[in-house]
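Just so we're clear, the structure is a prediction, and the values are computed from it rather than from any experiment.
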Amino acid sequence: MSSVVPLQDLNLCPVSSTPSTSTAADAATDTALRVPKLEPVDPSFATYLPQQQLQLQEPTQDALFSDSTPELPLDLQNAPPPQIPDQDSLYSEFHRVSELFRAALNGDIEVVDPDSRAIVPVSSEENAIVVPRPAARKKAFTRSGELVRVTDMSMKDQLLFRDVVRRTRMVYDVIRIQAVVEEERRRGENLGRRARGDLRAASLMRERGLWLNRDKRIVGSIPGVQIGDMFFFRMELCVVGLHGQPQAGIDYVPISQSSNGEPIATSIIVSGGYEDDEDAGDAIVYTGHGGQDKLSRQCEHQKLEGGNLAMERSMHYGIEVRVIRGFRYEGCIGHKVYVYDGLYKILDCWFDVGKSGFGVYKYKLLRIEGQPELGSAILKFAQSLRTNLLATRPSGYVSLDISNKKENVAVLLFNDIDNDHDPLYYEYLVGTVFPPHAFNQTSNGTGCDCVSGCIESSDSCLCAMKNGGEFAYDQNGILLKGKPVIFECGPCCACPPSCRNRVTQKGLRSRLEVFRSRETGWGVRSLDLIQAGAFICEYTGVVLTREQAHIFTMNGDSLIYPNRFSERWAEWGDLSQIYSDYARPSYPSIPPLDFAMDVSRMRNVACYMSHSSSPNVMVQCVFYDHNNVMFPHLMLFAMENIPPLRELSLDYGVADEWTGKLAICN
DNA sequence: GATTCTTCATAGAG
DNA sequence: CCTCTATGAAGAAT
């Protein structure tokens with residue numbers, strides 16, 4: 001069970017800032033010692049929790065946002081008083097998300113605390129006439145200043161919050177990408193400033209009350225955000241609640257909202273914006289803000305105010321700070337990536353003369369021990385692997401390409417824990433082998449005739465029509481929306497290979513590595529950062545019809561049954577609840593998958609992926625070389641940003657004790 | 001409350 | 001590569 005530790009009484013008991021090697025949990029205990037009035041966890045919370053979990057057991061994207069979603073009432077000041085008991089001690093973010101789901105699932109909308117930005121009923125007439133006043137909105141959207149620390153998360157809680165965060169980020173990403181696509185479609189291919197999808201997504205989600213963790217100011221880790229998680233935009237950090245400032249480097253509770261009149265820092269971004277920073281990973285010397293001109297040149301002395309004072313106060317009270325690092329990163333959208341690196345203690349603070357000759361405040365931070373490995377260090381390590389593999393990791397590589405150049409990117413085989421070389425003994429299968437009659441359909445001859453490339457705005461592209469009048473991918477090959485099936489352009493199309501509607505047929509793009517682990521046997525990870533919605537690889541095998549599978553002599557568990565994969569694509573990209581006027585085209589569907597795949601002799605990377613009930617990879621059915629709806633390609637896409645060297649996982653859709661991978665590969 | 005100020009963004013142009 | 005500029009949004013301060 002989770003509990004919330006209020007920090008509001010911290011002014012009563014200042015604490016000397018001794019260097020600490022404690023963990024976050026220890027830190028909570030420290031606070032408990034310091035704060036005489038530690039509020040007990042609300043008993044009602046205990047009964048609340050299981051209910052919450054029940055609510056979330058069958059979450060669908062549709063359920064997340066009901067049609068009757070959230071228009072805020074015009075005048076929040078006159079709104080009825082909150083009906084929520086014990087609002088102070090309840091972890092209200094938990095509550096708010098629960099209410100979203102409850103309302104969406106039952107259609108039964110309750111009045112909830114308007115300050116929590118949960119669903120509030122509004123009559124339809126009001127809704128129709130009124131444009132909400134900005135002022136009213138502003139008030140409703142302000143962040144709380146109440147400091148809490150979330151401790152004692154059970155495994156169930158962690159999975160729950162992980163899922164909430166994952167889906168929130170998925171919505172953010174999809175709005176962001178679609179905003180850019182729409183903007184381009186509207187303007188045609190004309191020049192002009194590109195739409196800021198990152199801003200658009202954030203503001204839209206803000207209107208809908210979908211920003212997380214605004215009801216409390218969380219000290220320490222954010223539920224559902226893991227060390228090493230990667231983000232491409234500062235606004236996304238705001239949406240998740242990891243760092244609430246869209247530009248500023250220090251996030252803090254301001255004096256005006258602080259219970260004791262002192263500002264308290266909760267998170268910082270280390271992004272190289274100040275020349276006096278010194279970043280050694282576990283230890284950081286961080287520069288305060290201020291004193292810069294418009295060109296980011298230090299031109300005057302910094303003052304001990306705002307975030308600078310907040311940092312000093314956090315040090316004084318021994319409050320840990322989240323650290324997010326920003327890097328330039330080629331090959332990703334925006335060319336910048338932000339990595340959550342965990343919690344740091346502020347050990348020291350002093351006023352120093354910076355390189356510019358002007359005075360700056362400096363803060364010595366040390367990473368709290370006992371946390372998972374530094375995400376940014378892994379990123380750098382992976383970068384080094386990509387440029388100089390064997391120098392970086394001299395031993396452990398069993399093969400530098402198990403595909404034998406069949407894939408356009410080498411697939412590595414790594415094992416540094418035992419002598420198992422198993423994956424070497426299978427023939428590498430780049431594409432699924434379908435039975436010959438799969439290609440004998442009359443519909444095979446259909447393709448589009450967009451000689452100069454497919455443009456979906458024109459009605460002439462047959463392939464766009466087949467996909468419900470739109471393409472499945474953006475210009476970077478990112479999946480916009482999961483569908484029962486996707487038709488890419490194929491050999492019968494007149495469009496060039498550069499056509500936007502050809503993605504999975506081009507094969508691997510990221511450097512994958514099959515690796516041996518003590519926990520999960522063989523697994524798969526990537527040396528490259530994989531963006532959410534990106535194509536990863538096909539799940540290949542030799543297709544057997546039901547009859548063939550039946551007479552097949554082998555043990556049935558060694559076959560892959562594609563209809564068992566859980567249909568995660570349905571969670572990806574459905575925004576019909578965000579845009580109320582969103583026209584949902586009717587997508588073609590296909591009959592239930594009725595074939596098995598033999599991977600006993602020929603296989604590719606995919607079958608080494610581990611099973612997870614909260615996977616980061618999903619299956620999407622795709623056609624490109626034939627149109628026989630009985631036999632789609634099983635294409636794997638990233639469901640979230642997958643950091644380099646993090647294990648890929650699939651929901652095989654079976655009971656946890658049965659994993660396809662284990663049955664097949666071990 | 002409304003307005004001003006600040007800010008370790010972003011995208012594109014030169 | 002770099003440097004510069006326009007646009008932008010949130011939150012803190014006033």
Looking only at C/dA9, C/dA12, C/dA10, the nucleotide nearest the A/Leu199 side chain is C/dA9

Taking the side chain of A/Leu295 as its heavy atoms from C-beta onward, which of B/dT10, C/dT5, C/dA12 lies nearest to it?
C/dT5

Contact class for A/Gly290 vs. all strands (heavy atom < 4.0 Å): base, sugar-phosphate, or nothing?
sugar-phosphate

Under 4.0 Å, counting only non-hydrogen atoms across every strand here, what does A/Ser296 touch: a base, just sugar-phosphate, or nothing?
nothing

Using whole Å, report how far CG of A/Asp198 lies from C1' of C/dT7.
11 Å

Measure CD/A/Glu236 against P/C/dA9 and give the value in whole Å, please.
17 Å

To the nearest angstrom, how far is A/Ile264 atom CD1 from C/dG11 atom C1'?
17 Å

Roughly how many Å is it from CG in A/Asp251 to C1' in B/dT6, rounded to a whole number?
14 Å

Please determine, by modelled atom types, if A/Glu236 and A/Tyr338 share a side-chain donor-acceptor pair under 3.5 angstrom.
no

Measuring to OP1 and OP2 of B/dT10, would you say a side-chain N or O of A/Tyr338 lies under 4.0 angstrom away?
yes

Whole-Å distance, A/Arg234 CZ to B/dT10 P, equals 7 Å

With under 30° as parallel and over 60° as perpendicular, where do the rings of A/Phe233 and A/Tyr172 fit, or are they tilted in between?
tilted

Looking at the side chain of A/Arg217, which of B/dA11, B/dA9, C/dA12 is the nearest nucleotide?
C/dA12

Quick note, A/Pro246 side chain, CB onward, closest among C/dA10, B/dT10, C/dA12 is C/dA10

Does A/Arg206 have a side-chain nitrogen or oxygen under 4.0 Å from the phosphate oxygens OP1 or OP2 of C/dG11?
yes

A/Ile250 CD1 to A/His289 NE2 distance, which is reported to the nearest 0.5 Å:
5.0 Å

I need the A/Ile346 CD1 to A/Lys364 NZ distance, nearest 0.5 Å.
13.0 Å

Any strand counts, and the cut-off is 3.5 Å on both contacts for Watson-Crick or G-U wobble. Which nucleotide pairs with C/dT14?
B/dA2

Side chain of A/Trp211 (C-beta onward), nearest among C/dA10, C/dA13, C/dA12
C/dA10

Nearest-angstrom distance from the residue atom CD of A/Gln257 to P of C/dA10:
15 Å

In whole angstroms, the gap separating C1' of B/dC5 from CD1 of A/Ile255 amounts to 15 Å

DNA chain C: 5'-proximal contact among A/Arg196 and A/Glu305 (nearest heavy atom)
A/Arg196

Please say which of A/Arg325, A/Arg328, A/Arg234, A/Lys336 ends up in a side chain to side chain donor-acceptor pair (under 3.5 Å) with A/Ser271.
A/Lys336

Taking only N and O in the side chain of A/Gln245, is any of them less than 4.0 Å away from OP1 or OP2 of B/dC8?
no

Just how far, in rounded Å, is P of B/dC5 from CG of A/Asp293?
17 Å

Please pick, from C/dA12, B/dA11, B/dC8, the nucleotide with the shortest atom-to-atom distance to any side-chain atom of A/Tyr286.
B/dC8

Of the candidate nucleotides C/dA10, C/dG11, B/dT10, which contains the atom at the shortest distance from the side chain of A/Met235?
C/dA10

Of the listed nucleotides (B/dC8, C/dA13, C/dT7), which one gets closest to any side-chain atom of A/Tyr274?
B/dC8

How would you label the contact of A/Gly272 with the nucleic acid (heavy atoms, under 4.0 Å): base, sugar-phosphate, or nothing?
base

The nucleotide from B/dC8, B/dT10, C/dA13 with an atom nearest the side chain of A/Ser271 is B/dC8

To the nearest 0.5 Å, tell me how far A/Ile268 CD1 sits from A/Tyr344 OH.
8.5 Å

5'-most contact on DNA chain C: A/Ala202 or A/Gly306, nearest heavy atom basis?
A/Ala202

